[in-house]
Amino acid sequence: MADGPQVFSDADALARAIFDDCDGDVRLALPLGLGKPITLVNALVQTAAADPTLKLSIFTALTLQKPKPSSDMEARFLEPAMDRLFGTAPPLLYAEMISGDGLPDNINVSEFFFQAGSWLGNDYAQRHYISANYTHARDVLIAQEPNVLVQLMPRQGEHFSMSCNTDISADLFARRATGELEFIAVAEVCDVLPFMSGPAEVEQGALAMVLEPPQQIDLFSVPRQPVSRAQHAIGLHVSRLIRDGGTLQIGIGGIGDAVAQALLSRDRGDLADLWRDAPLPLSGEDVAPFDEGLYAVSEMLVGGLLSLFDAGILRREVDGAAIHAGFFVDARDMYARLREMSPERRAKIQMMPVSFTNALYSDEAAKRTARRHARFVNAAMQVSLLGDAMSDAAEPGAVVSGVGGQFNFFEQAFALEDAHAILTLPATRTSGGSVTSNIVWQVPVTTVPRHMRDVVVTEYGAAFLRGETDEEVIKRLICIADSRFQRELLDEARSAGKIDPAWQVPAAHAANTPETLSRWLAPHRAVLPAFPFGTDFTETERDLLPALSRLKNAGSDRAALARLVWASFRSPVHPREGEAMARMGYRREARLREPLDARALRGALRKSAQGGE
């Protein structure tokens, strides 16, 4: 390897060379998310599919796929904008096979984390899912004796960078250097990936082969979704729990964006009027601007963290870095912001293995000193009244995403002094026209067990659960539940003998409704934008998003759909209704004999224009 890697321009020739080097049996370590070298992986799959004497085993996670429209309405919205929103990278062939006719017998794929909801209902993916904490996934992989690691990498001179995926790869390279592992490493060049320096750098001598494709792939982009009023409220509550001079971890999505936006507003001093108007009890006293600043240690580098870094809120440095993270995948503008930073500025963001970000093992004393006042903020799907959390599955056996690193951060929160694991979730969800509570008596699947319950935040407040009795935990969770479900939850707790029969919901928590939330937050729209960190959606698409959400929530509820149709006759016209209807392939102007689906969409647009969510 001293003379440098063997360079290929033909992916099929490189795939054949890899199989030859491995005597026809490739056990592939494939990074999660963005770092998959799609051109090369597809060539490996095609080569194996064409030759049943070969064997290909793939261990990976987070296979990124463009959404597949599940209805005519979704297709009308997504298909014209698919490449603009998600990028033009080709699909991964193994994912298409799993979704279609299946993989041939000589190809096997196992994942330890799914793109949320992507493999629900797929028997192969569900059977081959491996449940593992993120920090343990490396050891699960090593047990399978990988002999090839492939990764998408940018290049500068004689150096490559693991860029978006140091998460497991960095540890694999380190173990190979000490003789604990033996594998060949192969890079596919992709220079639109930001070149992350320091721990992410790889000398070309560490690579056996390199693919320089005639056309480099585009990067998968994750379009930012609008932040709802409930998500903004959650972010506001969380912002009061973040200590100046402390440590922060947040995730991707609307709630992560809401937390970052609330912290930016707090630092600018924009929230005093909002706090004054709060109709709900508030927890936490940390509302002042940041004097010392924060340090971030997060398995995922997300756009919200980058905005906090740009604003100077993330400025407390540990070993020369204000951010340590394990991987990233986000909207395309985040990749551009990283690329355009000066090398000196970008060096303040160090990509590390998740064995560093997600655990205290190895150099524990230094990590304890660095991670003071840590707040690890993660999302859950449901929380039981006893404090169990469900974050990775919809029902027993049906994996939605995976455990990932969530449990790792709970372990850290309990091991560190003055640290908290904060679970966030909207108090309700709407599906098929029905509203249900996300705080329930029991969860069908447990991701975080009740003995590690800590802090739960909904739009109605924060519940501190650590060290409390079951009865007190139940009371506190009922107090942040939606009031439409508080009576039912209280009755279940009483039936189980877990709460004083005479206890009632305090008056201060008895009006936890969307209407209360709206009256509080609607006057403060200026500090609660729908897209705090920008969007790839056009103005017309931004108009359509809340209407489509309203239409989807109505589902198959005939009464709800009828109300939307009625609104298309009786409600004031949306100011940009013609453009929105044309974008969806309908006539601009309403007609008496318009199709019902168009009528319902028109009504949803008009209802959305009237406010509310």
Side-chain angles (χ1 to χ4, degrees), residues 66-67 69-87 220-235 252-262 264-265 302-304 307 330-337 426 430 514 517-518 521-554 564 567-568 571-590 597-598 600-613:
K66 295 179 182 179
S70 59
S71 66
D72 175 66
M73 196 66 71
E74 286 188 6
R76 286 172 179 269
F77 181 78
L78 284 172
E79 287 176 356
M82 196 73 79
D83 287 348
R84 170 168 55 82
L85 293 175
F86 297 94
F220 190 95
S221 181
V222 182
R224 295 190 185 95
Q225 299 299 311
V227 179
S228 70
R229 191 164 288 157
Q231 290 171 329
H232 269 307
I234 291 169
I252 197 170
I255 292 177
D257 286 352
V259 171
Q261 171 64 14
L264 288 166
S265 297
V302 296
S307 293
D330 209 286
R332 69 182 75 250
D333 72 292
M334 193 189 91
Y335 311 147
R337 287 159 66 192
T430 302
L517 207 63
S518 180
L521 299 183
H524 303 283
R525 289 190 182 95
V527 295
L528 305 173
F531 294 97
F533 307 114
T535 177
D536 288 319
F537 292 113
T538 66
E539 182 179 8
T540 300
E541 289 163 352
R542 293 197 295 272
D543 287 335
L544 280 163
L545 285 169
L548 291 170
S549 178
R550 191 180 295 270
L551 192 59
K552 184 176 182 179
N553 287 341
L564 292 178
S568 75
S571 297
V573 174
H574 188 287
R576 293 174 296 278
E577 185 173 304
E579 292 87 344
M581 295 301 291
R583 166 63 177 78
M584 295 293 286
Y586 296 113
R587 289 180 177 269
R588 288 175 173 266
E589 304 299 327
D597 56 351
L601 175 60
R602 200 178 292 277
L605 279 164
R606 296 182 182 190
K607 293 284 285 183
S608 297
Q610 294 172 2
E613 295 179 355

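Nearest heavy atoms, V302 versus M334: C-SD, 3.6 Å. The two residues Q231 and P226 make their nearest non-hydrogen contact at OE1-O, 3.7 Å. Shown here for P80 and A75, the closest heavy-atom pair between the two residues is CD-O, 3.8 Å. When every heavy atom of L605 is checked against every heavy atom of D543, the shortest pair comes out as CD2-O, 3.8 Å. When all heavy atoms are compared, the tightest approach of S221 to D536 is OG-OD2, 3.9 Å. Contact detail for K607 and L564: the closest heavy-atom pair is CG-CD2, 4.2 Å.
Residues satisfying the side chain to side chain donor-acceptor pair (under 3.5 Å) criterion with S568, sequence neighbours excluded, are R599. Listed by chain and residue number, R224 satisfy the salt bridge (charged side-chain N to carboxylate O under 4.0 Å, His left out) test with D330 (two or more places apart in sequence, or in another chain). For the side chain to side chain donor-acceptor pair (under 3.5 Å) test, residues two or more places apart in sequence or in another chain that qualify with S571 are Q610. Annotation: salt bridge (charged side-chain N to carboxylate O under 4.0 Å, His left out) contacts of E539 (sequence neighbours excluded): R576. Taking the side chain to side chain donor-acceptor pair (under 3.5 Å) definition, one finds that R337 meets it with S307, D310, sequence neighbours left out.
Here OG of S228 is found 7.5 Å from CD1 of I255. Values are rounded to the nearest 0.5 Å. Rounding to the nearest 0.5 Å places CZ of R550 at 13.0 Å from CG of L545. Remark: T538 OG1 to L544 CG distance equals 8.0 Å, nearest 0.5 Å.
A heavy-atom distance below 4.5 Å is found between the side chains of K66 and D83. By the 4.5 Å heavy-atom criterion applied to side chains, M73 and L601 are counted as neighbours. Inter-residue side-chain proximity for F533 and D333 is flagged as unmet; no heavy-atom pair is nearer than 4.5 Å.
The 12-atom threshold is exceeded at CD of E74, counting heavy atoms of other residues, nucleotides or ligands nearer than 6.0 Å.
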Problem set entry | side-chain contact (heavy atoms from CB on, under 4.5 Å) between L78 and F86, intermediate numbers included | CA-CA 10 Å; L78 284 172; F86 297 94; 4.2 Å; yes
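Of the possible donor and acceptor atoms, one in the side chain of R332 sits under 3.5 Å from a partner among the backbone N and O of R84. For the pair H232 (side chain) and A530 (backbone), a donor-acceptor distance under 3.5 Å is absent. No side-chain donor-acceptor contact under 3.5 Å links S518 to the backbone of P514. Within the 3.5 Å criterion, the main-chain N or O of A604 finds a donor-acceptor partner in the side chain of S608.
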Distance-only donor-acceptor hits, side chain of residues 578-588, under 3.5 Å, sequence neighbours excluded:
| from | atom 1 | to | atom 2 | distance (Å) |
| --- | --- | --- | --- | --- |
| R583 | NE | E541 | OE2 | 3.2 |
| R583 | NH1 | R76 | O | 3.1 |
| R583 | NH1 | F77 | O | 3.4 |
| R583 | NH2 | F77 | O | 2.5 |
| R583 | NH2 | E541 | OE2 | 3.0 |
| Y586 | OH | R76 | NE | 3.3 |
| Y586 | OH | D597 | OD2 | 3.1 |

